[in-house]
Protein chains: 2
Amino acid sequence: MKKSATIYDISEKLNISAATVSRALNNHPKISIKTKELVLATAKELNYKQNTLAQALKSGKTNNVGIIVPYINSNFFSSVIRGIEEELSLHGYHVIICQSHEDVDLERKQLNTLLNAQVDGIFMSVSKTTQDISHIEAAKESNIPIIFFDRKKDIKGTSTVTIDDYKAGFEATEHLIKQGCKKICHLSGDLRLEIYQNRYKGYVDALRENNLRVRKDFIIPIESSIQGGVDAINALWSLPIQPDGIFSASDYAALGACQQLKKQKINIPNDVAIIGFSNEPFTQYMELPISSIDQTPDIMGKISAQVFLEYMNENFSGITIEKKVVLKPKIYIRKSSKRK
Amino acid sequence: MKKSATIYDISEKLNISAATVSRALNNHPKISIKTKELVLATAKELNYKQNTLAQALKSGKTNNVGIIVPYINSNFFSSVIRGIEEELSLHGYHVIICQSHEDVDLERKQLNTLLNAQVDGIFMSVSKTTQDISHIEAAKESNIPIIFFDRKKDIKGTSTVTIDDYKAGFEATEHLIKQGCKKICHLSGDLRLEIYQNRYKGYVDALRENNLRVRKDFIIPIESSIQGGVDAINALWSLPIQPDGIFSASDYAALGACQQLKKQKINIPNDVAIIGFSNEPFTQYMELPISSIDQTPDIMGKISAQVFLEYMNENFSGITIEKKVVLKPKIYIRKSSKRK
DNA sequence: TTGTAAGCGTTATCAC
DNA sequence: GTGATAACGCTTACAA
């Protein structure tokens with residue numbers, strides 16, 4: 001119940017002013033060593049804890065940043081967050097996590113409460129339903145750095161850290177082509193998101209560049225889930241022609257596809273070669289390990305944090321900084337797509 | 001660059017006092033509807049954002065809670081955090097995440113900066129290296145609720161939300177016995193942690209109760225990793241007698257064990273039945289799905305949050321509340337341990 | 001119903 | 001080197 005000690009408690013005990021105590025605590029240059037030591041000693045004795053809240057109010061800097069993601073418990077997002085936290089905690093920042101649940105209304109609310117909480121910066125990966133971006137543009141008015149990672153929006157004055165999804169889609173498809181696939185289908189994610197658009201475009205361009213036909217019925221929009229993959233296979237196998245290669249924008253769907261194909265005694269990779277996306281941990285553990293694209297979430301997190309720190313170092317004097325970092329995707333070829 | 005509007009900006013514009021503005025904004029009962037509407041309108045016009053920092057300083061309540069976990073990017077921890085966040089955000093709380101990296105020194109530091117930040121409560125799962133708990137006891141002095149989840153310490157006045165690891169260990173082992181296993185080994189986690197102690201005890205008691213011998217050389221301490229499981233198999237298969245059942249305190253080690261056994265053409269589950277722990281997503285995706293114990297992290301998170309909310313409702317008038325919630329583990333029997 | 005003024009715990013600016 | 005004081009933005013007795 002005892003309230004924690006303040007600088008006034010220290011100043012009273014020592015018969016000095018609170019200002020002096022503050023100076024002693026903050027390594028102010030103009031202070032005698034004696035008083036400083038005295039203050040430090042009594043601070044310890046009284047179990048004094050700096051009230052960062054008051055400090056924040058005074059200085060306008062909370063040393064908190066906000067992160068908004070659709071969900072925290074996915075390997076990708078939690079790994080990015082880990083990267084951000086590790087980098088920023090070295091610099092004294094705390095990280096506040098919010099989930100949007102893929103709901104733009106909730107995202108808007110979270111964004112606003114973060115602004116109310118006076119965070120020093122915001123990291124975000126937008127929700128699938130985020131079309132109207134006025135809430136983010138409004139947030140930009142507060143003049144705090146906004147850094148998008150992975151799922152970005154083009155907003156002036158904001159920075160982005162993404163991977164080259166186009167290239168990833170292109171390389172994944174090209175890899176399948178090199179394995180001899182001629183009829184490659186694409187299990188696409190939610191095309192409202194740029195990342196899935198880009199993977200899709202990469203796929204299409206890789207086909208075109210290799211003079212392979214792009215068939216509309218080979219583009220299957222799916223949920224990122226095992227069931228999504230199962231359904232896709234069922235849909236494809238009710239068509240007159242079946243694919244001999246699958247580029248899935250989701251590892252979970254790739255897994256579902258594998259399971260469904262095995263059920264039908266279709267050989268992977270020889271009848272159908274498969275590559276997924278995200279390099280989910282499970283892909284490498286399978287008896288038939290699944291090829292995938294790694295998005296290097298740890299690096300994405302660390303770099304996002306660094307971009308933020310750069311903002312803060314620029315002292316933020318009204319200059320708009322924009323930094324667009326594009327990371328290289330890393331392709332992992334495993335059994336599911338490696339033909340002899 | 002423009003600083004955000006304060007209640008003073010509103011009060012000036014309307015020629016009323018800041019107090020009235022504050023009242024209007026906070027649904028104070030004694031205020032005329034007219035002024036209230038006027039205030040709300042100008043607030044919107046000036047794009048006023050409540051500065052929760054100032055409010056927090058005044059009220060002594062930040063509406064922030066801290067969470068300390070070893071790592072955020074594990075399925076278990078991120079799922080618990082998700083549960084906590086979902087429950088608390090409904091009540092206006094924000095969640096600050098810290099990682100201890102299994103290092104008690106870092107844990108202590110994180111705990112202290114959370115206290116400095118005046119969080120309203122702390123959720124934590126202690127690190128493996130946390131033997132000395134003085135930092136947590138000291139934190140208790142601040143009289144804020146401390147809720148341990150999963151990895152707890154017995155500290156007066158704190159609450160805990162855990163699963164019954166003893167029962168889980170007992171049931172897992174009993175299940176193997178029922179499958180006909182006579183020589184069951186245990187891949188144990190770091191026994192400095194209570195959870196692993198309890199799983200181990202459950203294992204031992206299940207053997208005893210079924211009149212099976214407890215062999216010291218069948219207790220293999222492992223790292224929670226695939227390699228850990230591989231190493232354990234190698235160690236076991238250099239013994240004069242080999243096990244016919246494995247209870248692993250880690251799914252990753254269980255997976256490594258499976259892989260290594262398959263290499264040696266040993267049949268799972270008939271030669272050796274295996275059950276892991278944590279119900280990691282991958283366990284069910286395998287071609288040979290791995291039996292496991294689910295710790296219901298989502299429920300653990302939600303309940304932890306509810307325990308915290310109870311504290312806050314008790315108005316916290318010097319009463320010490322202790323709540324010890326023990327959740328029931330959920331056993332998932334899959335192919336790796338199901339004999340015909 | 002509204003205004004005045006004090007206070008939450010710090011720190012920065014002036015004086016001395 | 002140190003002290004007094006104002007200020008950060010908000011809430012809340014107490015008055016009016």
Side-chain angles (χ1 to χ4, degrees), chain A residues 2-40 42-43 46-64 92 113 115-120 142 144, chain B residues 2-40 42-43 46-64 92 113 115-120 142 144:
Chain A
K2 64 187 119 172
K3 297 186 35 181
S4 46
T6 72
I7 49 172
Y8 280 94
D9 298 323
I10 300 179
S11 73
E12 269 179 36
K13 186 146 191 179
L14 258 40
N15 271 316
I16 56 178
S17 77
T20 306
V21 175
S22 172
R23 281 188 278 254
L25 258 20
N26 291 293
N27 286 316
H28 194 92
K30 308 233 157 174
I31 188 137
S32 77
I33 301 187
K34 227 182 217 169
T35 21
K36 191 167 168 180
E37 282 174 351
L38 221 50
V39 167
L40 259 34
T42 14
L46 296 182
N47 190 28
Y48 168 79
K49 303 257 176 225
Q50 160 120 273
N51 186 329
T52 41
L53 217 53
Q55 201 179 220
L57 179 60
K58 189 75 180 56
S59 68
K61 190 160 178 300
T62 55
N63 281 295
N64 286 155
T113 63
L115 292 176
N116 290 174
Q118 313 293 122
V119 290
D120 295 338
S142 316
I144 64 167
Chain B
K2 67 189 118 173
K3 297 185 39 178
S4 46
T6 72
I7 50 172
Y8 282 94
D9 298 323
I10 300 178
S11 72
E12 268 179 37
K13 185 148 192 176
L14 256 42
N15 270 318
I16 57 178
S17 78
T20 307
V21 175
S22 171
R23 282 188 277 255
L25 257 20
N26 290 292
N27 286 315
H28 193 91
K30 308 236 156 171
I31 188 140
S32 77
I33 301 186
K34 226 182 218 169
T35 23
K36 191 167 166 178
E37 282 174 351
L38 220 50
V39 167
L40 259 35
T42 13
L46 296 182
N47 189 29
Y48 168 78
K49 303 259 176 222
Q50 161 121 273
N51 185 329
T52 42
L53 215 55
Q55 201 180 221
L57 179 60
K58 189 77 181 57
S59 68
K61 192 162 177 297
T62 54
N63 282 295
N64 286 154
T113 64
L115 292 175
N116 290 174
Q118 313 293 121
V119 291
D120 294 340
S142 316
I144 64 167

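First the proteins, then the strands, lettered A, B, ... as listed; each starts at 1. Values below: every heavy atom of this structure, side chains too, minus hydrogens, waters and symmetry copies.
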ask   = What string of B, S and - do you get for nucleotides 6-16 of chain C, 5' to 3', if B is base contact, S is sugar-phosphate-only contact and - is no contact with any protein heavy atom under 4.0 Å?
value = -BBBBBBB---
query = For the helix from C:dT1-D:dA16 to C:dC16-D:dG1, how many degrees between its two end axes (five pairs per end), to the nearest 10°?
reply = 40°
ask   = So what does A:Thr35 hit on the nucleic acid, given a heavy-atom distance under 4.0 Å: a base, only sugar-phosphate, or nothing?
value = sugar-phosphate
Protein-nucleotide distance (B:Ile16, atom CD1; D:dC10, atom C1'), rounded to Å = 15 Å
query = Does any non-hydrogen side-chain atom of A:Leu38 lie less than 4.5 Å from one of A:Leu14?
reply = yes
ask   = What is the distance from CG of B:Asn15 to P of C:dT2, rounded to the nearest Å?
value = 14 Å
query = Between B:Asn64 (side chain) and B:Val119 (backbone), is there a donor-acceptor pair under 3.5 Å?
reply = no
query = Between A:Leu14 (CG) and D:dT2 (P), how many Å, whole number?
reply = 11 Å
key: Side chain proximity check, A:Leu25 to A:Gln50, heavy atoms < 4.5 angstrom   = no
inquiry  = Please report the distance, rounded to the nearest Å, between CD1 in B:Ile10 and C1' in D:dC10.
reply    = 12 Å
ask   = Taking only residues two or more places apart in sequence or in another chain, which ones pass salt bridge (Lys or Arg N to Asp or Glu O under 4.0 Å) with B:Lys58?
value = none
query = Quick one: B:Lys30 NZ to D:dA13 P, roughly how many Å, whole number?
reply = 14 Å
Phosphate OP1/OP2 of C:dT2 contacted by B:Thr20 side-chain N/O (<4.0 Å) = no
note = Separation of C:dG3 atom C1' from B:Glu12 atom CD, nearest Å, is 15 Å
task = Please report, rounded to the nearest Å, how far the P atom of C:dT1 is from the CG atom of B:Asn27.
result = 14 Å
Whole angstrom value for the distance that separates P of D:dC8 from CG of B:Asp9 = 11 Å
